[in-house]
Amino acid sequence: MITNEVKKIAHGIKTMEIRGAGKIARAAALAMKIAAENSKAKNAEDFLAEMEKASNFIESTRPSAVSLPNALRYVMRGARKAEGGVDEIREGIVSRADEFIKSSEEAVKKIGEIGANRISDGDTVMTHCNSQSALSVIKTAFKQGKKIQVYLTEARPFYQGHISAREILKAGIPTTMFVDSAVRHLIRDVDKVVVGADSVAANGAVVNKIGTSQIALAAHEARVPFFVAAETYKFHPGTLVGRLVEIEERDPKEVADPKNFPGIKIRNPSFDVTPAEYVDLIITERGIIPPSAAYAIISDLFGWEFGEKT
Ligand code: RUB
């Protein structure tokens, strides 16, 4: 049932109070759990129809992070696999939602441990936007005693860089922030770049916060290793059958009020695509992979999808 609490979560994702692909996915799983627990459906068919409706409603909030539909499908699979009536299906949904939330939190931690092995003492690490997985790598390396510093962008127009700055400073890591357009100028001071991902395509291309592909380009030119920290639920099954990741365009007012520029058209793409050739490696909870292994991850993890509902 789409309760007020479910609506609140969906609204939170849409307005970016809840943001970042991992947090969005966990919030979606929680919303499904709440929807299942509050359903008044009397039979399995009605219950499943209600859950499908809730899932579609939550999925419609933001289009670029595949972690959202992947989390919803993971939870809904619990319902489809359950045998019996409403109670059994409800239990299937609730347990899969709990399982997703727990394992996705563990994945972020694991990515930190694995990724930290690629950070050296004395490194200056650049990051962009606010990615829990990328920050997990940075914070874990620092906790291991590596004397690192962080360079980070503001991430205009939404300034998620400010969120990262506060988080990194709280961890006690020396931090320098600059405008997004300073990346090419400052990349010469950087040893490694670590960013997160909203979606990873079968060809190894990475969708992440707008500006990521420019950083990758600058890093490539300056021979600075470019790492992507991404849980496997950020890999996009649809890309295996030729679907494209939709790039969200947000309200132009986040950039500037069009009223102040009569006649202007303002665009606000929120994500961009970094081609695989600019990505040195992807740090997943299953280990470090080259972007060319994205196909194998997707077919291994999501192969079942193509025999079922995609
Ligand atoms: C957030 C963003 C993050 C990824 C990964 O964009 O691009 O880099 O979502 O984050 P937005 P995480 O602020 O528009 O949601 O590693 O936390 O899942």
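Remember, it's 1-based here, ligands and their atoms both numbered in the order they're listed.
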Legend entry - Any Ala65 heavy atom less than 4.0 Å from ligand 1: no
Inset, instruction - Quick one: look at Ala197 and ligand 1, take heavy-atom pairs under 4.0 Å, and tell me if it's side chain, backbone, both or neither. - result: backbone
Inset, instruction - Measure the distances from the heavy atoms of Glu248 to every atom of ligand 1 and state whether one is below 4.0 angstrom. - result: no
Legend entry - NZ/NE/NH1/NH2 to OD/OE distance under 4.0 Å, Glu113 and Lys109: yes
Inset, instruction - Using a strict 4.0 Å threshold on nitrogen-to-oxygen distance, state whether Asp300 and Arg286 make a salt bridge. - result: yes
Inset, instruction - Mind listing the closest non-hydrogen atom pair of Val137 and Ala229 along with its distance? - result: CG2-CB, 4.3 Å
Inset, instruction - Answer yes or no: is there an ion pair linking Asp123 with Lys192, defined by an N-O contact shorter than 4.0 Å? - result: yes
Inset, instruction - May I ask you to decide whether Lys40 forms a salt bridge with Glu50, counting only side-chain N to carboxylate O separations under 4.0 Å? - result: no
Inset, instruction - Answer with yes or no whether Lys234 contacts ligand 1, where contact means a heavy atom under 4.0 Å from a ligand atom. - result: yes
Inset, instruction - Salt-bridge test for Glu88 and Arg90: reply yes if a basic N is under 4.0 Å from a carboxylate O, no otherwise. - result: no
Inset, instruction - Could you name the option among Ser131, Gly196, Ser64, Ser270 that has the heavy atom nearest to atom 10 (O) of ligand 1? - result: Ser131
Inset, instruction - Write out the residue and atom name of the closest protein heavy atom to atom 8 (O) of ligand 1, then the distance separating them to 0.1 Å. - result: Asn208 OD1, 2.6 Å
Inset, instruction - Return the residue, atom name and 0.1 Å-rounded distance of the protein heavy atom closest to atom 13 (O) of ligand 1. - result: Arg19 NE, 2.4 Å
Legend entry - N-O pairing of Asp98 and Lys33 below 4.0 Å: yes
Legend entry - Stacked cation flag Arg26 on Phe100, 6.0 angstrom / 45 deg: no
Inset, instruction - Provide the number and element of each atom of ligand 1 under 4.0 Å from a heavy atom of Met16. - result: 13 (O), 14 (O)
Legend entry - Protein heavy-atom partner closest to atom 7 (O) of ligand 1 - residue, atom, separation in Å: Asp198 OD1, 2.9 Å
Legend entry - Top protein contact for atom 9 (O) of ligand 1, by heavy-atom distance: Ala21 N, 2.8 Å
Inset, instruction - Assess Asn130 for proximity to ligand 1: is some non-hydrogen atom of it under 4.0 Å away? - result: yes
Inset, instruction - Please work out whether any backbone atom (N, CA, C, O) or any side-chain heavy atom from C-beta onward of Phe158 is under 4.0 Å from ligand 1, and answer side chain, backbone, both or neither. - result: neither
Legend entry - Heteroatom proximity flag, Gly22 to ligand 1, N/O under 3.5 Å: yes
Inset, instruction - Under 4.0 Å from a heavy atom of Arg62: give me the atoms of ligand 1 that qualify, with their elements. - result: 11 (P), 14 (O), 15 (O)
Inset, instruction - Return yes or no for this condition: an N or O of Gly20 is under 3.5 Å from an N or O of ligand 1. - result: yes
Legend entry - Under 4.0 Å to a heavy atom of Gln160 - the qualifying atoms of ligand 1, by number: 11 (P), 13 (O), 14 (O)
Legend entry - Smallest separation among heavy atoms of Val279 and Val206, with atom names: CG2-CG2, 4.1 Å
Inset, instruction - Find out whether the Lys NZ or Arg CZ of Lys209 is both under 6.0 angstrom from the six-membered ring centre of Phe271 and within 45° of the ring's axis. - result: yes
Inset, instruction - Compare Arg26, Gln132, Lys209 and give the one whose heavy atom is closest to atom 14 (O) of ligand 1. - result: Lys209
Inset, instruction - May I ask you to check whether over 12 heavy atoms, not counting those of Lys110, lie within 6.0 Å of atom NZ? - result: no
Legend entry - Ligand-side contact atoms (ligand 1) for residue partner Cys129, heavy atom cut-off under 4.0 Å: 1 (C), 2 (C), 6 (O), 7 (O)
